[in-house]
Amino acid sequence: MEKVIRQYQNTLAKFKEQKAEIHRLWNIDEESAQLLFMLVLIRQAKYIVEIGTSNGYSTFWLASAALRTQGKVHTIEVDDSRYELAKQNLVELPNIIQYHARAEDILASFETGIDFLFIDAGKPGYIDYLRSLEDKLAPHAVVVADNICSHPETTGTYRNYIESSPAYISMVHDINAGLQIAYYQG
Ligand SMILES: C[S@@+](CC[C@H](N)C(=O)[O-])C[C@H]1O[C@@H](n2cnc3c(N)ncnc32)[C@H](O)[C@@H]1O
């Protein structure tokens, strides 16, 4: 990971500055970001969907990994200023498609074969995001969701669904706001 951090040190420094200067970016922490990077590599994910771009910090890590898997990241953000900021931050990465929309309005138009899904947007929507995309998940897809421990009142339905469904094997990692990692058996 040190090699990767060195390679992207300028971009990572920029993200660090933005996090310090701008409120309401809600970026995942460094450990979670690096874990996403490793999961994309290990899964050799090619069709990656992220719900909740913010300024593009997690998108950056997903797409950097996807450069090594010939993959592409489709990322959705509803907020105007965070969408624009992400556009600037991610300009050097050719494998990102940004959507400026409410996730619930566009998920139905996504194609099948998603092999990596990262959910990090409006908490009450988690279960609906998943339901909209579930029949588009590829076998052996990885589904990661943040804020599982920090917002149990809203993400609880999602967590219960994943944990009780025979289609998934999952764990909650006690980092950031509680990161759930699920393996979709298909
Ligand atoms: C926790 S932040 C995402 C942080 C980002 N994943 C990162 O780690 O850098 C959540 C983002 O989701 C966006 N969001 C909330 N509800 C949304 C929705 N229904 N559709 C699309 N984006 C949404 C918010 O505007 C916010 O920027």
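Remember, it's 1-based here, ligands and their atoms both numbered in the order they're listed. Residues take their numbers from the sequence shown, with the count starting at 1. Here the structure is a predicted model, which is why all the values come from computation and not from measurement. All values below come from the heavy atoms of this structure, side chains included, with hydrogens, waters and symmetry mates left out.
Pairs passing the side-chain hydrogen bond (donor to acceptor under 3.5 Å, both in side chains) check and including a residue from residues 3-15, sequence neighbours excluded, read Gln7-Arg68, Tyr8-Arg68.
Annotation: Lys87, atom NZ; neighbour count of heavy atoms from other residues, nucleotides and ligands within 6.0 Å does not exceed 12.
Between the side chains of Tyr161 and Glu134, a donor-acceptor pair is found at a separation under 3.5 Å. No hydrogens or angles considered: nothing links the side chains of His140 and Asp115 as a donor-acceptor pair under 3.5 Å.
With values rounded to the nearest 0.5 angstrom, Leu137 atom CG is found 10.0 Å from Tyr47 atom OH.
Ring planes of Phe15 and Phe60: tilted class, angle from 30 to 60°.
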For ligand 1, run through the N/O pairs with the protein that fall under 3.5 Å and put one pair on each line.
from: ligand 1; atom 1: 6 (N); to: Gly52; atom 2: O; distance (Å): 2.8
from: ligand 1; atom 1: 6 (N); to: Ser58; atom 2: OG; distance (Å): 2.8
from: ligand 1; atom 1: 6 (N); to: Asp120; atom 2: OD2; distance (Å): 2.8
from: ligand 1; atom 1: 8 (O); to: Ile28; atom 2: N; distance (Å): 2.9
from: ligand 1; atom 1: 8 (O); to: Ser58; atom 2: OG; distance (Å): 3.3
from: ligand 1; atom 1: 9 (O); to: Asn27; atom 2: ND2; distance (Å): 2.8
from: ligand 1; atom 1: 9 (O); to: Ser58; atom 2: N; distance (Å): 3.3
from: ligand 1; atom 1: 9 (O); to: Ser58; atom 2: OG; distance (Å): 3.4
from: ligand 1; atom 1: 16 (N); to: Gly122; atom 2: N; distance (Å): 3.2
from: ligand 1; atom 1: 19 (N); to: Glu104; atom 2: OE1; distance (Å): 2.8
from: ligand 1; atom 1: 19 (N); to: Tyr129; atom 2: OH; distance (Å): 3.2
from: ligand 1; atom 1: 20 (N); to: Ala103; atom 2: N; distance (Å): 2.9
from: ligand 1; atom 1: 22 (N); to: Val78; atom 2: N; distance (Å): 3.3
from: ligand 1; atom 1: 25 (O); to: Glu77; atom 2: OE2; distance (Å): 2.5
from: ligand 1; atom 1: 25 (O); to: Arg82; atom 2: NH2; distance (Å): 3.0
from: ligand 1; atom 1: 27 (O); to: Glu77; atom 2: OE1; distance (Å): 2.7
from: ligand 1; atom 1: 27 (O); to: Glu77; atom 2: OE2; distance (Å): 3.1
from: ligand 1; atom 1: 27 (O); to: Arg82; atom 2: NE; distance (Å): 2.7

